[in-house]
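These notes concern the structure reproduced below.
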Amino acid sequence: MAKASNLTRTDLDSSFESQLSVSSRTSNRSLRVAEKERRKNQTGDPFVLALKYFSEVEAGTPCFGNDVLERNLVLVERVGLSRGLPPEAISVMLDYAMSLRMGGVTCVRVLKFLIPATVVPQEAVVRAVSWLCVGKIAISTQVLFLRWVLTVFDMIDSKDHLRAIYGFIFSFVTEENLSPYICHLLYLLTRRESVRPFRVRKLLDLQTKMGRQPFLLHLLSLYKVFSPELVTLALPSRMRSGFKNHNSTWKVALSAVQKRNNGQVSSDISLTLGLKDKTNSRKRKFHHLELPSLSSSFQSNSSSSRSRKVFSLEQLRSFPQLLDNLHCIELPSQMGSLLGSSLALCYLDYVQDDSAFLRLNFWLGHALHEEFLFCSGDGGSGSSSEALHFLNRLLSTQHFLQEGFSSTEGFLYKFLNVWDGSLLRPQILGLLSDIPVVPSSCISQLLFEPLMQLFFTSTLFFKCSVIDCLNNMLLKWLTWHSVYSLEDGLDISLNSHTPMNMTLSGFMDSVMELVRFVGRLATVGLQLEGCHSLLLNFILDFYETVCDMFLKYGLPLVVMPPAGVFYPALFATDPVSVDRLSYIMYRYKKNLTSAKCQQQETKAFHISRQTCQEFNHYLLFMVSCLWNSKMFLPGMAIEVDQELLALSKVPAPWTSFDLIHHPAFLGCALDFHHKCWPERKDIDFNSIKAAKQWNWYMEFLFSQGFQGLQQFVQSSINRSSAAGISGQRGSQPTSR
């Protein structure tokens, strides 16, 4: 029985294996038939035949009068300009062109229609670069080739082998016509290990020969980031863009190919791939405001990615996943795509990669300049939601990183001179508030002059927005000071990768210039707007920051508000403004008292005598006005002729601005009077000045939420003599 069972199982296994064998043979036969059919179709495909022609054509074949060459060139050119060339076609045509098998004329023509459909094989670029050393290629053709490489740089599938021939590429830097393009290519390829002493010396010698060319300075600045001990040359902290865009030859065709291919691969020269509604189209020279998709600079199936563990940023889905792969993450091919991913920004902030920040700054600077400075005026960039989305994304990125970008700063200084004050106002002012500390020697020209012209010719709302922007700017400057202040100096930088060293005295000069500038704006603005309460409150916001610079931010500087701000706030008709002024004066007193104590102990800094005099003057006037009822009397800051006061027929004019008769508190006094004497039909405010009622009135005011007034009274006025208060001018309590 067991034997029969074994035979049956054996027969079943044999039958099953036989069926598998038949199925496998059938499957293999189907694959062979499909492969044969594909090869047959390819054999008859004119495009494939054309590529075969260019891969097999021999050197020296005549090109003039060659109908076969012309027919194949036209065919490949048509495909390249309409659909783009696949990677294998790029390899064949680039090798054919750079080898000059049929002369330099066809080489130039091929390079002009060499539009990638997806990616560019790096091996093809490496082979093409090797042809440069032959010496047969004309300089103009070499320039065209380098421009093409720079244009499609972000589409090259991997850069490892290109970086391996860094020294070979560097050898062309001495060619005067090639130097701008070689420096740009080196800038993109440079890593820390690329910086060598002999290369630094070569660049310095070249700079001596050619002058301070922007492309040389930018490459040297990158070298200095990686090896500051090798580059001792003093480089300007702000340089104009050193590398131009070289994509004009391929821009239109590449954009069309990308649109046709649904934007699967984006290039840094044209990031707007979606079709636009013609009714809302904008006439611009370039389209850079759509953020590119997050894609790595390597292909997952490439040999370089298989040889080492690489994790692409687009694969990140969670923060724990980021932590697990921190040391094997590859930066994307287009740095602009980082702005669209919070996880990618976390990685960028963690690695502190100097080259990554430089690449991102270069991309941002180019996009902002081309879209907002060099665009045509028809339609305006502000009419598109694309521009709004881009600037909002940039703002959120800077707030996420808690620092701005140097390219944004350079753009804003230029844009302020052509800005009308209404185009994308919240976004522009938001970016403006993120700029780092500007040296006092150039802050007026870069920032104050263009803002002043806009401020004095603008609406009330714009004036409020500018004051709020400058307040946020000052807050960030003071915060940076409190975080980065050092014993011997101050390191204030836009980001930690492009530092701008500034001494403490230089920082204080810049802060002083900013505070004084806002004081001038506030004084004239209040006059122009009739001391509008909305503008006044934004101005008081600013001085709430200024009054606490010493205690809250550790900056040994006290700057008093100008008279054009103090008196309108004191005589404001709304109690909130007077209450806020009282709080500001209270904080000024706390800061000055602490500063004077520290000055006596350490002698480290000095508060000017003029500042103390200004504070005492304001304090004395405020106490005399609100508490002692000594308004308009001789010896006060505001004097009015007694005959003129008599003509006004105002009874007891010296009491017009005390805490009872002040227009801001008159409603409170009336309410208090009704609560204390509800049966009275006539109103006698002098009855509030009785000792007990006066104290009740003070508590009533404090209970209304006037905390600033309460702190001011408690810190600056001696209330112990309040029991003797009467209607006479000279019997009120005095300031402490």
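Residue numbers run from 1 in the order of the sequence given. What you see is a predicted model, and the numbers here were worked out from it, not measured in a lab.
- Ring geometry, Tyr697 versus Phe700: the interplanar angle falls under 30°, so the pair is classed parallel (tilted spans 30 to 60°).
- One distance of note links CG of Leu666 with CG of Asp671; it measures 11.5 Å at 0.5 Å rounding.
- Using a distance-only test at 3.5 Å, with no hydrogens or angles considered, no donor-acceptor pair links the side chain of Asn392 to the main chain of Leu395.
- Without hydrogens or angle criteria, Arg587 side chain to Glu544 main chain gives no donor-acceptor distance under 3.5 Å.
- The shortest non-hydrogen separation linking Leu431 to Gln398 is CD2-NE2, 3.7 Å.
- Using modelled atom types, no side-chain atom of Lys463 and backbone atom of Phe456 make a donor-acceptor pair closer than 3.5 Å.
- Atom SG of Cys612 is separated from atom CD1 of Ile607 by 7.0 Å, given to the nearest 0.5 angstrom.
- Annotation for Arg516: atom CZ does not count as buried by contact number, only 12 or fewer foreign heavy atoms lying within 6.0 Å.
- Remark: aromatic rings of Tyr567 and Phe621 are close, center separation under 6.0 Å.
- Within 6.0 Å of NZ in Lys476 there are more than 12 heavy atoms belonging to other residues, nucleotides or ligands.
- For the atom pair Asp509 CG and Leu557 CG, the distance stands at 9.0 Å (nearest 0.5 Å).
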Would Ser407 and Asn361 count as a side chain to side chain donor-acceptor pair (under 3.5 Å) here? Give the steps. CA-CA 5 Å; Ser407 54; Asn361 269 307; 3.1 Å; yes
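- The closest side-chain heavy-atom distance from Trp477 to Leu514 is below 4.5 Å.
- Put simply, the side chain of Ile428 reaches to within 4.5 Å of the side chain of Leu391, judged on heavy atoms.
- For the side-chain contact (heavy atoms from CB on, under 4.5 Å) with Val565, the qualifying choice from Leu570, Ile584, Leu581, Ile539 is Ile539, the only one to do so.
- Using a 4.5 Å heavy-atom threshold, the side chains of Phe702 and Met698 count as touching.
- Here Leu339 contributes atom CG and Leu345 contributes atom CG; the two are 6.5 Å apart, rounded to the nearest 0.5 Å.
- Proximity of the aromatic rings of Tyr553 and His481 is defined here by a centroid distance below 6.0 angstrom, and this criterion is not met.
- Using modelled atom types, no side-chain atom of Asp658 and backbone atom of Trp627 make a donor-acceptor pair closer than 3.5 Å.
- Ring geometry for His662 against Phe665 counts as perpendicular: the plane angle is over 60°, on a 0 to 90° scale with 30° as the lower cut.
- Between the side chains of Ser577 and Asp574, a donor-acceptor pair is found at a separation under 3.5 Å.
- For the residue pair Pro562 and Tyr618, the shortest heavy atom distance occurs at C-OH, 3.4 Å.
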Passes side chain to side chain contact (heavy atoms under 4.5 Å, CB included), Leu526 versus Leu536? Steps please. CA-CA 7 Å; Leu526 288 172; Leu536 181 59; 4.2 Å; yes
Let's go through His369 and Phe415 carefully: what are the C-alpha distance in whole Å and the side-chain angles of both, what is the deciding distance for side chain to side chain contact (heavy atoms under 4.5 Å, CB included) to 0.1 Å, and is it a yes or a no? CA-CA 9 Å; His369 281 72; Phe415 187 69; over 6 Å; no
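- Residue-environment remark: CZ (Phe461) stays at or below the threshold of 12 foreign heavy atoms within 6.0 Å.
- The number of heavy-atom neighbours closer than 6.0 Å to CD of Gln707, taken from other residues, nucleotides and ligands shown, is above 12.
- The two atoms that bring Cys469 and Leu429 nearest to each other are SG-O, 3.3 Å, heavy atoms only.
- Under the 3.5 Å distance criterion, the side-chain polar atoms of Ser716 are left unmatched by any main-chain donor or acceptor of Val713.
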Would you please test Val559 and Met512 for side chain to side chain contact (heavy atoms under 4.5 Å, CB included) and show each step? CA-CA 8 Å; Val559 185; Met512 177 78 77; 3.6 Å; yes
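- Annotation: side chain of Ile435 is in contact with side chain of Tyr413 (closest heavy-atom distance under 4.5 Å).
- When all heavy atoms of Pro450 and Asn417 are compared, the pair lying nearest together is CB-OD1, 4.0 Å.
- Rounded to the nearest 0.5 Å, atoms CD (Gln714) and CG (Leu709) are 9.5 Å apart.
- Ring orientation note: the planes of Phe517 and Phe448 are close to parallel, at an angle under 30° on the 30°/60° scale.
- In terms of heavy atoms, Ala664 sits closest to Ala572 at CB-O, 3.6 Å.
- Side-chain atoms of Thr408 do not come within 3.5 Å of backbone N or O of Gly404 as any donor-acceptor pair.
- For the pair Ser594 (side chain) and Asn591 (backbone), a donor-acceptor distance under 3.5 Å is absent.
- The shortest distance between side-chain heavy atoms of Phe538 and Asn471 does not fall below 4.5 Å.
- Two residues are said to be in side-chain contact when any heavy atoms from C-beta on lie closer than 4.5 Å; Leu521 and Leu451 fail this criterion.
- Interatomic distance, CE of Met560 versus CG of Leu619, reported as 9.0 Å (0.5 Å rounding).
- Annotation: side chain of Phe542 is not in contact with side chain of Asp468 (no heavy-atom distance under 4.5 Å).
- Here the side chain of Ser582 pairs no donor or acceptor atom with the backbone of Phe712 at under 3.5 angstrom.
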Between Phe400 and Cys346, is a side chain to side chain contact (heavy atoms under 4.5 Å, CB included) present by the stated rule, with each step listed? CA-CA 9 Å; Phe400 182 84; Cys346 284; 3.4 Å; yes
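- The environment of Gln613 atom CD is dense: over 12 non-hydrogen atoms of other residues, nucleotides or ligands sit within 6.0 angstrom.
- In terms of heavy-atom proximity, Tyr586 sits nearest to Ser715 at CD1-OG, 3.3 Å.
- A donor-acceptor distance shorter than 3.5 angstrom exists from the side chain of Ser482 to the backbone of Thr479, with no hydrogens or angles considered.
- Under the 4.5 Å side-chain criterion, counting only non-hydrogen atoms from C-beta, Asp434 is not in contact with Glu409.
- Using bins of under 30°, 30° to 60° and over 60° for the plane-to-plane angle, the ring pair Phe405/Phe357 lands in the tilted bin.
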